[in-house]
Amino acid sequence: MSIQLTDPVQSLPGIGPARAKRLEKLGIATAQDLLLWYPRNYEDRRERASIREAPADHPVCVKAMVATSPRSSYIRKGLELVKVNVVDDESAMEITFFNQSYVRTALTVGQVYLFFGTVERKGSRFAMTNPVFESEERQRFTQRIMPVYPLTAGISNNLLAGAVLRVLEDCAQQLEDPLPAEIQRQYQLSHAGYAVQTVHFPPSWEELEVARRRLIFEELFYLSMGLALLKGSGQRQAGLPCSYYDPEDYYATLPFTLTNAQQRTVQECFADLSSGSAMNRLIQGDVGSGKTVAGAACAWLMAKNGYQSALMAPTELLAEQHYRTLKPLLAKSGQRVGLLTGSMKVKVKREVYAGLEAGEYDLIVGTHALLSEGVTFQKLGLVITDEQHRFGVGQRAALAAKGTDAKRPHVLVMSATPIPRTLALIVYGDLEVSVIDERPPGRQEIQTVLVGESKRRQMYGFIRKQVQEGHQVYIVCPAVEESEDAAPGYMDLKAVTAYSETLRTNVFPDLRVGLVHGKLKAKEKEAAMTAFSRGDLDILVATTVIEVGVDVPNATLMVIENAERFGLSQLHQLRGRVGRGSSQSYCVLLSSNRSGETLQRLKALCSTNDGFKIAEEDLKLRGPGDFFGSRQHGLPPLKVADLATDTRVLYQARDAAQALLAFDPDLKQPEHRRLREKIEQLFEEHRDTFN
Ligand code: ADP
Ligand code: MG
């Protein structure tokens, strides 16, 4: 009976209810799902050799005849050995199988098989252990490039490969191709059936590349199409109605003049908020570009309209700092700001909850604590998240869901992590973007130097000099919060504490040295931070808890211990803690690691202050990991495409998507029906995360 794509996997030979269940865990329910389960790697089993000429260091296919009946013995309980002798034209070889009883009946004397394994030499004798084998007539898994699949318990690679092969035999021709023929022609893409078949069982590496390119293009094309459709899906969502107020009245409350980029951003936001549609905007700006005051303008406008706003920050430190900045600022307009963090006393929290519900706060600043069940708003109109990469889209949506109106609150995201320009398109495809590409006036470029351990004394001297000039200094140590999985180069918290103690008593006995790390009680943390920002401390030893957003303009020197431990973008974030005032600021990277890759990374940081360039470099060196966990952004997962390296194809796919949508904006034409279905299916479960 021939297999259909829609058949359940159970209709395949060798797959019963138990295996079907396990496959289901991988998301494989039908024959079609199997075809979309792409290999994660390949093993080249094409090389052939005779027993005598086989290389000793890697497996090859050896054709040989079984010369003896398999002999089975037990070394100990549960360990069975099956041995069999085989011969080819010149030599004999003994093959040993461990715990593979089926071999006893699978091999027949006098029959010729292909054995794929490494031929070992024991004196003048040859041996092989646990080879893959099959008879010459029914050859499937030898003498070819073999797919290596991601597996789960109870499902072997051979089982999957066999099942895929079977489905391909029957169904490769049935695979519909959702890509419009014109696009395939224009971008020289292979047909879906060929691509799928080849990606599983490539006849050669060249053909695999051709097939992969088609699949990568297809994936990025769907992604571009889906994002474009969501973004433009007819009319924008209706938003909470807001009246426009002149931002000059807000500017007048600020102690400085906003840069042009900040003003433009505020204007863009105000236009959104008063447009009648829902705002969904990202403010992207390098560290220190002044996103906070720009973002707070929106809260100001909402309050003028009688709505509350919530600002969610990733750490308590940051939330508290925003609170300290924004409370006095908005007070000048008669607006009230509250704070809510997880570590606040229950009683205090309850008071804040009550105040929020009663509408006593216009803006509430907080951490994840804002998502707690107890939090209800009187009239939530705007959700701002700071340092967006720390939050999943889900959390953003969860906060927005606290809106009381039928209409969702406006959404504003502030991100200091510069997503490389080439990729912002994908990650933020659903947001409008305002870029603050100008620093507040009077800022100096931060000078960054890389030094080795031998310069430590000089570095201490430099710290002292900065302090003597009336400035303050950060010293950041890489630390793990749990000492048991401390990796080389990381300090455990004890070590950080000890180090700060050494600095305080031995190196800088005359200076005021403080310490802040993630495991301190919120009160202690706050005390240290407040002391530092008030100028009561000269030196602050810290772990990366200060990475995001902390703002002390008088700090002019950032020393980073074991700098090689950090990613480039993280280093850039850390460095952004200085250079916030008008004095020349410095960043000293300490590292005794001289490996080429490390040097290249750290030198990149010394040579530029441009966060975008750094992010691009980081992406090149480290891969997309941190930035583009697609899950985090609520996009359909990418199975073959790699956003970091497939940029060229990404652009082609995007161009193709735009051209097609210009021609058929809603994919209404009958020849695009399959395509539309495919995209809807891919974006289905993510739909709610793209507001
Ligand atoms: P980030 O974009 O990194 O979040 P912040 O909003 O924390 O930056 O601003 C950094 C510092 O610059 C703060 O001390 C802020 O008060 C100050 N600042 C912001 N805008 C201006 C401006 N236009 N002129 C002078 N200082 C500014
Ligand atoms: Mg900030």
Side-chain angles (χ1 to χ4, degrees), residues 247-248 250-267 269 281-300 311-330 332 363 365-367 384-391 412-419 433-444 446 471-472 474 529 532-535 544-556 558 569-583 585 587 609-612 614-615:
E248 291 295 339
Y250 171 71
Y251 300 159
T253 65
L254 298 172
F256 40 71
T257 311
L258 289 191
T259 61
N260 289 329
Q262 285 172 312
Q263 294 194 24
R264 191 182 59 231
T265 299
V266 173
Q267 288 291 3
C269 292
R281 186 169 286 278
L282 165 71
I283 300 182
Q284 193 175 63
D286 207 349
V287 282
S289 61
K291 293 179 292 294
T292 317
V293 278
C298 298
W300 175 86
L311 166 54
M312 185 161 69
T315 64
E316 299 211 340
L317 221 55
L318 196 50
E320 284 154 15
Q321 179 188 293
H322 281 324
Y323 173 69
R324 278 198 300 273
T325 323
L326 296 177
K327 189 178 154 119
L329 182 70
L330 292 176
K332 290 188 194 156
L363 171 64
V365 180
T367 54
I384 309 176
T385 47
D386 190 14
E387 314 295 346
Q388 191 265 352
H389 64 293
R390 296 262 178 137
F391 295 111
L412 180 66
V413 173
M414 304 193 289
S415 177
T417 300
I419 300 293
V433 182
S434 295
V435 180
I436 306 186
D437 51 4
E438 188 182 350
R439 302 167 131 262
R443 298 280 174 77
Q444 318 250 353
I446 301 164
H471 297 305
Q472 289 164 283
Y474 293 103
M529 282 313 301
F532 190 68
S533 61
R534 285 211 189 112
T544 49
V545 291
I546 63 144
E547 178 192 345
V548 275
V550 174
D551 187 35
V552 179
N554 190 45
T556 51
M558 163 69 60
S569 291
Q570 204 182 5
L571 287 170
H572 180 65
Q573 295 285 319
L574 285 169
R575 174 171 66 175
R577 301 308 110 214
V578 298
R580 305 193 140 230
S582 51
S583 305
S585 293
C587 176
N609 272 286
D610 182 335
F612 283 102
I614 289 165

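Order of appearance sets the numbers: ligands from 1, and atoms from 1 within every ligand. Because the structure is a prediction, the values reported are computed rather than measured.
- The shortest N or O to N or O distance between G290 and ligand 1 is under 3.5 Å.
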Stepwise side chain to side chain contact (heavy atoms under 4.5 Å, CB included) check, R281 with T265: CA-CA 10 Å; R281 186 169 286 278; T265 299; 5.8 Å; no

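- Contact annotation for R580 and ligand 1: only side-chain heavy atoms (C-beta onward) come within less than 4.0 Å of the ligand.
- Atom CD1 of I614 and atom CD of Q573 lie 10.0 Å apart (nearest 0.5 Å).
- Only the side chain of Q262 comes within 4.0 Å of ligand 1, counting heavy atoms alone; its backbone N, CA, C and O stay farther away.
- The closest side-chain heavy-atom distance from Y323 to L363 is not below 4.5 Å.
- For the residue pair C587 and I446, the shortest heavy atom distance occurs at N-CG2, 3.9 Å.
- Interface atoms of ligand 1 facing T257, defined by a heavy-atom separation under 4.0 Å, are 22 (C), 23 (N), 24 (N).
- Using a 4.0 Å cutoff on heavy atoms, G285 does not count as a contact of ligand 1.
- Residue contacts with ligand 1 for T325 are absent, since no atom lies close enough (heavy atoms, distance under 4.0 Å).
- Residue T292 has at least one heavy-atom neighbour below 4.0 Å for each of these atoms of ligand 1: 4 (O), 5 (P), 6 (O), 7 (O).
- For the pair V552 and R580, the tightest heavy-atom approach, listed with the atom from each and the gap, is N-CD, 4.5 Å.
- For ligand 1 and L258, the ligand atoms under 4.0 Å from any heavy atom of the residue are 23 (N).
- Close approach of ligand 1 to P440 (heavy-atom distance below 4.0 Å) involves ligand atoms 20 (N), 21 (C), 22 (C), 24 (N), 25 (C), 26 (N), 27 (C).
- Of the candidates D386, T385, L412, D386 is the only one forming a side-chain contact (heavy atoms from CB on, under 4.5 Å) with L311.
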D286 and H572: CA distance, side-chain angles, deciding distance, side chain to side chain contact (heavy atoms under 4.5 Å, CB included) verdict: CA-CA 9 Å; D286 207 349; H572 180 65; 2.8 Å; yes

